[in-house]
Amino acid sequence: MPDSIGPRARILASLVLAFAVSAVNSVAMLPVLALLAGAALWLGRAPWRRFRAPVALALAFVLGLGLSLGDSTVLRLGPVPLYAEGLQAGAMIAVRMLTIVALVWALLGRLSPLQLAQGLRGLHLPALITDMTMLTLRYLNEVRAELARAELARRLRAGPTGWRALPDRALILAASLIRAQDRAERLWAAMRLRGHGASHPVAGIGMGELAALALAVACAAALIWLDRAA
Amino acid sequence: MHLADGIVPVGMALAGYGASAGLTALALSRINRLPDPGAGLPRAAMLVTVFFAASLIAIPVPPASVHLMLAGLMGICLGWYAMPAILVGLFLQAVMFGHGGLTTLGLNGLIFGLPALAAYGLWARMGQRWPDLAAALAGGGAVLLALGLFAALVLLGLPPQLDAGAERLALAALVLAHLPLVLAEAVIVVVLLRVLRRVEPRLLAHA
Amino acid sequence: MSLLSLSDVGIGWQDGPPVLEHLGFDMATSERVGLVGPNGAGKSSLFQTIAAILPTRAGQISFDGTPVRAGRFNPKLAMVFQNADDQLFCPTLAEDVAYGARNLGLPAPEVAARTTQALAECGLTGLEDQPVHKLSGGEKRRACIAGALVMRPALLLLDEPSAALDLRQRRNMIDLLSKLPTAMMIASHDLEFLLELCPRILLIDQGRLCADGAAHDILSDAALMAQHGQEVPASLARG
Amino acid sequence: MSLLSLSDVGIGWQDGPPVLEHLGFDMATSERVGLVGPNGAGKSSLFQTIAAILPTRAGQISFDGTPVRAGRFNPKLAMVFQNADDQLFCPTLAEDVAYGARNLGLPAPEVAARTTQALAECGLTGLEDQPVHKLSGGEKRRACIAGALVMRPALLLLDEPSAALDLRQRRNMIDLLSKLPTAMMIASHDLEFLLELCPRILLIDQGRLCADGAAHDILSDAALMAQHGQEVPASLARG
């Protein structure tokens, strides 16, 4: 994926393509989607680790629907029949899901937090939402580390493990919320001291962004047209 | 309990976006009526970060481990801010961690947002008089409500010719699998709100 | 005309007891003043009041010729908080440093030029795209200062700039601050640090300004220091 | 027999580069050892390895006669974190201090007695019902130590116990620690603080133990200190 495409265009393009893929219903389109997913995986150089959960979920759909839907048996898992109609419906869902996951990864997976926040700002979302996104991205790692240190401190003081630790976890969460509130007060002062509230100019749409978006819309239209035709 | 991409029909996903956008617009208009809406931003953002970070930690609840959802608690601590906060969290989860989906962002926003707002309403009505009961209901009830919404949306979205018996079985399995989470969240919310009421009631006053 | 002037100022939250009362002093352009006092003496509250975060309870503060009014923030007056993480709220270093300049409504090239310069002054060139949370403690501290310098302030309020730095980082901080032409007020428990940077010291304790004078005189006055819970820095004790 | 013994220990995350290698030293019961080194030299990693949080990459650590195994936490070995807020998670001071003792399964009167004693030793008597987040910085720091003492540890690992304390609080901390009979290892940049508490100093830098000896000898060795980014404390420089 060329790095020159701005985050705003990437977010819009992922939405357009994801919805187009969701709209595909015809079995004949499965190879087209698979091709698209393959291209996205190749372009995005996606790490396999990230796809473990979606692949497991996709398999569950294939199996679950294959076991429970339809009446033409294609094969038997021991005494249990697998039905063609169910397998087909499951495969449809699985391929759509995995294609979208691959596309989203290729377009958005490598964006930095800053780029993500800029992309949302470029979409003219309410400032409350974009600022909240930015702050969450900034402090997420910090808070995760704090929670991990608190958990360690608890264990070092002979804290219980397993379900008996549940009330202690609630205590840690409460302490963390109190800290978050205190930090928010200092943060608000720091933000205002540096002129928070001034409006940020949003860049106009450039040719590159327009071209990328046009390409995404064309792909989406082609997908839907092919699906209707098939 | 996130709806993934590709499961539900496009029409439903778009309707989800519409409903979530409407709910968020309502939330934003309520927020703008507050005396100092800007000051609520860093507060909401910091609390969301804690909720988000906490939901990434797996908690061992035999026989497996669960991720906390914390929708009820978010509603109680954030009030109307919970709705935009949940959308932000879901968007980041979909993009950064591959949980949930992009087309289903709107639907997931409803699955988590409606229980959060319900918990907020419940706490506002009952929190003063029966705090522990309200906390348990808000904590566990939010999980149950989210579970119900999730199941309803999945069933609506799946092929209509699906066997009714199998549907009921899958639904029962889903609820059973999440019962530990319902209990865990009820316990966590009760303990946590007891602490906050004792030492930092300001955290609850905003809701 | 003095840059900052306080006359008979009372400090503290409206609904609490006063933290400091009858406070009066002036600061000249480019002057560096150290602020000393035990924890809880009101150093942070004083900074917040000067920076227009907290309202005054009494008296007048004027900065750059105009009265300071709570809630009216003046970009010429910058504050660097004790905890760097509370202040670095943008995802990357360059974005964070540029934040204040962008909010001044400057044209983009000017914002970029100021950011580059502030990063260079603080020895952070090359780290522009680093996520803020990956910076070391010393880098974070300098990033906060860069984020303030980008607004070209006339007065910098620094709260414990040497805390949690190791000796090398602390030495870098002394070099950085001693080269800046900006007036600054530095609150610190690190008296050796103040001694190297500030010709003048204010000592606050028990709700009032207890001493205001040359750093060497105040910090070496064993009786005065002991009376206010301080210790004469080792480099003066034997000198 | 020594209380703690490290022989040829390698420290660091399994998947990263080693932080410290070929580390070997012993600590005796009731000994107080200062740990000095620039930020990033591995002081925290060393503490985490001794406390069985991090696994060793090589070598053997034994504590109290038994080998330390990662994940097997020993209540006889307590660690006080650099940031007190990470460690205080119970609603009130008394509950937080009692936490470790309660987890040891002691009878309630014993828990109460130990808690009262630990609070008294740390000068916190009277603050029992205070919410922990309302305590001052110095009180929080002492609360962490009380929460460790309640488990009657044989070794205390203290990470920067004097950071962000004012001089009075720092003096209290010195008094408190010097009265405890427990063995302790103290990591700090505050060399004057170490000089008052620790007869022995370990200096780590660039992945290895660079010096291990009497505090006065190491801290006054200007060449050694400069080589590892340290400065001779002022009280020794003129002495």
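Chain A is the first sequence line, chain B the second, and so forth, proteins listed ahead of strands; every chain is numbered from 1. As the structure is a prediction and not an experimental result, all values here were calculated from the model.
For chain B, the nearby parts of A:Arg144 are the backbone and the side chain; heavy atoms of each come within less than 4.5 Å. If you measure heavy-atom distances from B:Ile7 to chain A, the contacts under 4.5 Å come from both the backbone and the side chain. B:Leu73 touches chain A through its side chain: at least one heavy atom from C-beta onward sits under 4.5 Å away, while N, CA, C and O do not. At a 4.5 Å heavy-atom cutoff, A:Phe51 makes no contact with chain B through either its backbone or its side chain. For A:Pro167, the parts lying under 4.5 angstrom from a heavy atom of chain B are both the backbone and the side chain. Within the 4.5 angstrom heavy-atom criterion, no atom of B:Leu87 approaches chain A. Contacts between B:Val190 and chain A at a heavy-atom distance below 4.5 Å are absent for every atom of the residue. In this structure, chain B has no heavy atom under 4.5 Å from any part of A:Glu151. The parts of B:Ala85 that come within reach of chain A are both its backbone and its side chain, each placing non-hydrogen atoms under 4.5 angstrom from that chain. Using a 4.5 Å cut-off between heavy atoms, B:Leu102 contacts chain A through both its backbone and its side chain. Both the backbone and the side chain of A:Leu15 come within contact range of chain B, with heavy atoms under 4.5 Å apart. Using a 4.5 Å cut-off between heavy atoms, B:Val195 contacts chain A through its side chain alone, with no backbone atom that close. At a 4.5 Å heavy-atom cutoff, the contact between B:Phe51 and chain A is made by side-chain atoms alone. Of the atoms belonging to A:Ala53, not a single heavy atom falls under 4.5 Å from chain B. Contact of B:Leu70 with chain A is made through the side chain alone, with heavy-atom distances under 4.5 Å. In this structure, chain B has no heavy atom under 4.5 Å from any part of A:Thr99. For a residue to count as touching a neighbouring chain, one of its non-hydrogen atoms must lie under 4.5 Å from one of that chain's; by this rule A:Ile172 does not touch chain B. Contacts of A:Leu98 with chain B are absent, with no heavy-atom separation under 4.5 Å from either backbone or side chain. Contact of B:Ile57 with chain A is made through the side chain alone, with heavy-atom distances under 4.5 Å.
The choice from A:Asn25, A:Val101, A:Asp131, A:Val104 that makes the most heavy-atom pairs within less than 4.5 Å of chain B is A:Asp131. Chosen from B:Leu56, B:Val199, B:Val48, the residue pairing most often with chain A at heavy-atom distances under 4.5 Å is B:Leu56. Most heavy-atom pairs under 4.5 Å with chain A, from the set B:Ala39, B:Ala4, B:Pro84, B:Ala54: that is B:Ala39.
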Please assess A:Trp105 against B:Val95 for the test side chain to side chain contact (heavy atoms under 4.5 Å, CB included), listing each intermediate value before the final yes or no.
CA-CA 7 Å; A:Trp105 169 262; B:Val95 173; over 6 Å; no

Quick one, B:Leu196 with A:Ile178, criterion side chain to side chain contact (heavy atoms under 4.5 Å, CB included). Give me CA distance, side-chain angles, the key distance, then yes/no.
CA-CA 8 Å; B:Leu196 294 185; A:Ile178 292 171; 3.9 Å; yes

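In summary, A:Arg179 and B:Glu200 do not engage in a salt bridge, as defined by a charged side-chain N under 4.0 Å from a carboxylate O.
For the pair A:Phe19 and B:Thr103, the tightest heavy-atom approach, listed with the atom from each and the gap, is N-CG2, 3.7 Å. Considering every non-hydrogen atom in both A:Ala180 and B:Leu47, the closest pair reads CB-CD2, 3.8 Å. Between A:Ala184 and B:Met46, the shortest heavy-atom contact is CB-CG, 3.8 Å. Between B:Pro42 and A:Leu135, the closest heavy-atom pair is CA-CD1, 4.1 Å. In this structure, B:Val50 and A:Leu147 approach most closely via the heavy-atom pair O-CD1, 4.4 Å.
Atom CG in A:Leu57 sits 12.0 Å away from atom NE2 in B:His2 (nearest 0.5 Å). Atom CG of A:Leu173 sits about 7.5 Å away from atom CG of B:Leu68, to the nearest 0.5 Å. Here the straight-line distance linking atom CG of A:Leu177 with atom CG of B:Leu192 works out to 6.0 Å at 0.5 Å rounding. Rounded to the nearest 0.5 angstrom, A:Thr136 OG1 and B:Leu92 CG are separated by 6.5 Å.
Each of B:Thr104, B:Leu14, B:Val10 was scored for a side chain to side chain contact (heavy atoms under 4.5 Å, CB included) with A:Ser22, with one residue passing: B:Val10.
Annotation for A:Arg186: atom CZ counts as buried by contact number, over 12 foreign heavy atoms lying within 6.0 Å.
In this structure, B:Phe52 has its ring center no closer than 6.0 Å to that of A:Tyr139.
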